[in-house]
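Please read the structure below before turning to the comments.
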Amino acid sequence: MTRPGTRLNTALVHGRPVGDNTTGAVNPPIYNSSTYAFPSVASMPRYDYARSGNPTREFLETQIAGLEHGERGFAFASGLAAIHAVLSIFRPGDRIVVGDNIYGGTFSLLHEHFARWGVEVTPVDTQDPIALRAALAGLDAGEDTVARPAAAVYFETLTNPLLQVNDVAAIARAAHEFGALAIVDNTFVTPYLQQPLDLGADIVIHSATKYLAGHSDVIAGLVVTAAGTWRGQSLADSLYFAQNRLGGVLAPAECDAVRRGIQTLALRIERQQENALKIGQYLLGSPYVKTVHYPGLPGGHGEPNVARRGLRGFGGVLSFEVVERLDPADVLDHLELFRLAVSLGAVESLAELPAVMTHFELPREERLRVGITDELVRLSIGVEDVRDLIEDLEQAFQFAASAAALRQGEESFHAVH
Ligand SMILES: *Cc1c(COP(=O)(O)O)cnc(C)c1O
């Protein structure tokens, strides 16, 4: 319900028209009120208490619902609070098929929290249609038991940190054949690059901390539901209950920070992916680099030239492996412009070592199996001048190469003496 008839870039800036503002302010007000006066005892005011509803939050919720082409939006205090609320619509005995390469916090929430509440988790490679269908059907190889279809499939549009593209339309179609919901974490992609509900997904989730807010200054989560039902209740009502009863709502000032971030989403992502592509090309040609993962990169590793699968672009995150002789820590510790930090999607460029900084929860064997090696570096590209970013990487590579040469020299020195 953005301004009717406007295109995406316009909807990003305007959201829903501000209706109750008598001052002429061009931005929606931040309502810092936890409670609202009733006109009378018998009245049923639109707002009564801010956990249940707040106009600033509602502006953002309406805005994201419009951008994701969904029925209703919900704002939460973090991405994980949003995911918790979504998964709380299931009950003990339900089985959820989960992409085998999902955000670590979500992995832990499923395996260490929801598993205790009787929700069963079946990890699967969502890129493998046969494995996905078997997991959805609940047919374990070789078992004679009756099939027990999954209640939902949960996955991310682009996997982290290897940037594999999940085919939302195909996965949602398979889920629906078995009566399961398709739930998509669209954090890496945003509605600017893909609207998963249009491809058949039922629920979309964002860590708005990343691209939507875009400035590394707020923690927030968003959910948008399609106009469907789950066990006789509309998805919107189920999510509203979860938001209001679990209570992890986003505070008004944070709602406004996310709203403001969304206004420049198009500009930021355009620059970020333009920079990411140039950095990917530079890395591909670098003698210090073994592999590059960025789906927009012809000749890159991972999924080169893959069908776009509905994506209008590939975002600003990429990853690469340094050659064996370099220590990736030498590179990362000597970056001057890139900040050494987890998180992504902001205006400033960040670099990190997944094996140590973001994916350490995965047992090493499992981590290597999915392709997250010890020398894999993840970059989140910002909006800086790309020439400065490339020069920064180059000087860090050269430092790491000198350090490696020195180490090798010392080794041969000790071998001789
Ligand atoms: C960061 C992130 C989350 C968790 O969001 P928070 O806002 O940190 O709670 C979930 N999914 C993905 C893909 C993320 O990158």
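Note that ligands are numbered from 1 as they come in the structure, with each ligand's atoms numbered from 1 the same way. Every heavy atom of this structure was used, including side-chain atoms; hydrogens, water molecules and symmetry mates were not.
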* Asked: Counting from 1, what ligand 1 atoms have a heavy atom of T187 closer than 4.0 Å?
  -> 12 (C), 13 (C), 15 (O)
* To do: Identify whether NZ of Lys or CZ of Arg in K278 sits under 6.0 Å from the centre of the six-membered ring of Y294 and within 45° of that ring's axis.
  => no
* Under 4.0 Å from any heavy atom of S78, which atoms of ligand 1 are there? -> 7 (O), 9 (O)
* Of Y31, Y49, Y47, which meets ring pair (Phe, Tyr, Trp, His ring centres under 6.0 Å) against Y36? -> Y47
* **Worked verdict on R407 versus D330 for salt bridge (Lys or Arg N to Asp or Glu O under 4.0 Å)** => CA-CA 12 Å; R407 269 197 301 271; D330 281 340; 3.3 Å; yes
* **Shortest protein contact, atom 4 (C) of ligand 1 (heavy atom only)** => Y103 CE2, 3.4 Å
* Provide, to 0.1 Å, the distance between atom 7 (O) of ligand 1 and the closest protein heavy atom, together with that atom's residue and name. => T209 OG1, 2.7 Å
* Asked: For G79 and ligand 1, does the shortest N/O to N/O distance drop below 3.5 Å?
  -> yes
* When you measure from atom 2 (C) of ligand 1 to every protein heavy atom, which one gives the shortest distance, and what is it? -> K210 NZ, 2.5 Å
* Using a 4.0 Å heavy-atom cut-off, say whether A220 meets ligand 1 through its side chain, its backbone, both or neither. => backbone
* 4.0 Å heavy-atom contact, D185 with ligand 1 -> yes
* Does the N or O separation between L344 and ligand 1 drop below 3.5 Å for any pair? -> no
* How about F114 and H84: are their ring centres within less than 6.0 Å of each other? -> yes
* To do: For R7, look at atom CZ and say whether over 12 heavy atoms of other residues, nucleotides or ligands are found less than 6.0 Å away.
  => no
* Assert yes or no for the condition that the ring centre distance of W117 to F90 is strictly below 6.0 Å. => no
* To do: Kindly indicate whether the side chain of I171, heavy atoms from C-beta on, has any atom under 4.5 Å from the side chain of F155.
  => yes
* To do: Identify, for atom 5 (O) of ligand 1, the protein heavy atom at the shortest distance, and state residue, atom and that distance.
  => S207 OG, 3.0 Å
